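Keep in mind that this is a model prediction, so the values were computed, not measured. All values below were derived from every heavy atom in this structure, side-chain atoms included, with hydrogens, water molecules and symmetry-related copies excluded.
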Amino acid sequence: MKKYIQTTLLWSVVLVGAILIYNRINTTPAIDESIAYSDFIYKVKNKLVDRVEISGPAIKLRTADGQNLETFNPNDPHLIDDLLSAGVQVRTKAPAQQSILMQMFISWFPMLLLVAVWVIYLRKNQGGGLGGNGFGKSKAKLLEEDKLTATFADVAGCEEAKEEVTELVDFLRDPQKFQKLGGKIPRGILMVGPPGTGKTLIARAIAGEAGVKFFTVSGSDFVEMFVGVGASRVRDMFAQAKEHAPCIIFIDEIDAVGRQRGGAGMGGGNDEREQTLNQLLVEMDGFTGNEGVIVIAATNRADVLDKALLRPGRFDREVNVGLPDVRGREQILNVHIKKVPAADDVKLKDIARGTPGFSGAELANVVNEAALFAARSNKVQVSMSDLEKAKDKILMGAEKRTMVMSEEDKLLTAYHEAGHCIVGESSPDHDPVYKVSIMPRGRALGITMFLPERDQYSASKRKLESQIASLFGGRIAELMIYGGDRVTTGASNDIERATELARNMVTRWGFSDKLGPLVYGEQGGQSFMGHPGIQGSKVSGIVAEHIDEEIRAVIDCNYQRAETILQDNISILHKMADALMKWETIDKDQIDDLMAGRDPRPPQDVESLTINKEIITKQEKVDVKPIITNIDKNKPAGQV
């Protein structure tokens, strides 16, 4: 209400001042009874005017019959002569002039008005006398206890992280339990982990379990164009938090304001951010106490945070919220599947096994996509097939069923993907093949999906060599079937990944007997979001030649191994390509039949695939032509 009254008064003053200036500038008097100048001259010449009063361009006249009229002189040079000739009494009066003070006021009023508005705006934004939700005020949102519905039951897949923060709930519920033994609860907890692992959800669950007020703010809310605004917001936020103590302040993406000071490479040199960080350090653990306020922050870039921010007394505890294992993924799916009507055939354990490396947010997206698939099919429940489709969409990308490919291009893609599959299935310690498809997805014309049977935290030399061999399987299959002149660029990414694996085996992981367990070529620069920086060369020319030789040896060995596998299984290669041309996608069951030398069973959804294929062919009006190729399945491998 006070702010409304102040705003109303301000604009009232501005409006009144504008009206006064207009009235002063517009000195033209209002004319009630006026006559035309020609009529005035006529009356003068006919001696119908007794007297006139001239004041600048204005002429006031009195007629012989006693009327008072007005007119204006259009700079007529003969007017005085005409008046005197007619015997009219002429009086003159100096025109009204504005005072010097008024002239200065009119000249400077617009500038003074702008200055006044700017001063009021700055005072308001800096938290001055006019107050308001300006720059200087904290943007932290206060959530009352009744609005915090999240509990630890909603958090799954990170049991260790929940155990770390359970003490906070006990402290907020019963502080005396810890204080009587001289114990102090951590003033701050920093949660570190990849995106989507549930850091924010854990913070909300802490506040919900403890039943205290919860302030939430983003690290970017402190940074503004004006220096000192961020520090003002930090002071205001902690002042509000102390008024509502005990409470929790949650700062999301704290790396936006808590980056290491100094050094251009680490985001230093920003006066506004450094002042904001300094104020945050003082508020968290400065000269004055900060009892009853617990700060929880989340980031996925703990490596760039300032060391003063990470020391005990500010962030006493660092909680790593990592990606869930297979059991954690199943627990997360159990939480989200309760929000949708699930059919009886849903097996979350199978979905959990097939989603290694998925975060909690990605698993929630799987359930949501499955619900959307079910809704498109007008189902009343989400079935296992919907979950499988959603998982495939997230893993491999959305299908491009409207993309028109020639039958010859499809066949080449089928042999390419079949080569990957056969080499992967025949190599020791390789992850099993989950699905092979020649349906375009994302930027790929086809895909061979490998899924591990369990969570893996390290890789053996044999496993890495098997991966390199399977990466070359597609290119070798093209070379064997079509010859060197028709090998395509489809294996460019496969070659890049195989070369990177071989280089890491030699220079980083110590898998070269000749070079030994040493690191060659240290990584330089700062890592960003898990991606390493630029590698710097700190090896001699001779060692660099040895590295190239070892990388070439690894590539050649596994390339020859993949070629041998495909030559020994050339009949399976043809049958798998035929199955892919027939069904476009084959899964684990069909792959097992083909690798065992049996005819593959049809997929479970073969009818829907056939229907979709017919619809697409009809929509695009594709003319299916006979495939022209020089493949002879009766000739030995490598001959065309």
- Query: Would Arg598 and Asp592 satisfy salt bridge (Lys or Arg N to Asp or Glu O under 4.0 Å), going step by step from the backbone distance to the final call?
  - Reply: CA-CA 9 Å; Arg598 300 188 298 267; Asp592 290 341; over 6 Å; no
- Dump the intermediate steps for side chain to side chain contact (heavy atoms under 4.5 Å, CB included) on Met595 and Ile422, then the final yes or no. CA-CA 8 Å; Met595 295 303 296; Ile422 293 172; 4.2 Å; yes
- salt bridge (Lys or Arg N to Asp or Glu O under 4.0 Å) between Glu388 and Lys435: does it pass, once the steps are laid out? CA-CA 11 Å; Glu388 290 286 350; Lys435 188 170 289 189; 5.3 Å; no
- Message: Between Leu594 and Ile586, does the side chain to side chain contact (heavy atoms under 4.5 Å, CB included) criterion hold? Intermediate values first, please.
- Response: CA-CA 10 Å; Leu594 289 167; Ile586 57 176; 4.1 Å; yes
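Lys199 places a side-chain N or O within donor-acceptor distance of the main-chain N or O of Gly193, the cut-off being under 3.5 Å. The backbone N or O of Ala364 sits nowhere less than 3.5 Å from a side-chain atom of Asn368 that would complete a donor-acceptor pair.
Ion pairing of Asp494 with Arg475 is absent here, as no side-chain N (NZ or NE/NH1/NH2) approaches a carboxylate O to less than 4.0 Å. For Asp255 and Arg301, the salt-bridge test fails: no basic side-chain N is under 4.0 Å from an acidic carboxylate O.
The shortest distance between side-chain heavy atoms of Ile438 and Met581 falls below 4.5 Å.
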What pairs of donor and acceptor atoms, side-chain ones from residues 342-357 against any protein atom, are under 3.5 angstrom apart with sequence neighbours left out?
from	atom 1	to	atom 2	distance (Å)
Asp345	OD1	Met384	N	3.4
Thr355	OG1	Ile351	O	2.8
Thr355	OG1	Ala352	O	3.3

Extract all donor-acceptor atom pairs below 3.5 Å that involve side chains of residues 555-564 and protein atoms in other chains or at least two apart in sequence.
from	atom 1	to	atom 2	distance (Å)
Asp556	OD1	Arg552	NH1	3.3
Asn558	OD1	Arg561	NH2	2.9
Asn558	ND2	Val554	O	2.7
Arg561	NH2	Glu465	O	3.0
Thr564	OG1	Gln560	O	2.9

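The distance from the CD1 atom of Ile572 to the CG atom of Asp593 is 11.5 Å, given to the nearest 0.5 Å.
Atom CZ of Arg327 has 12 or fewer heavy atoms from other residues, nucleotides or ligands within 6.0 Å.
Side-chain polar atoms of Glu253 and Ser218 form no donor-acceptor pair below 3.5 angstrom.
Geometric assessment of Arg376 against the ring of Phe373 yields a positive cation-pi assignment under the 6.0 Å and 45° thresholds.
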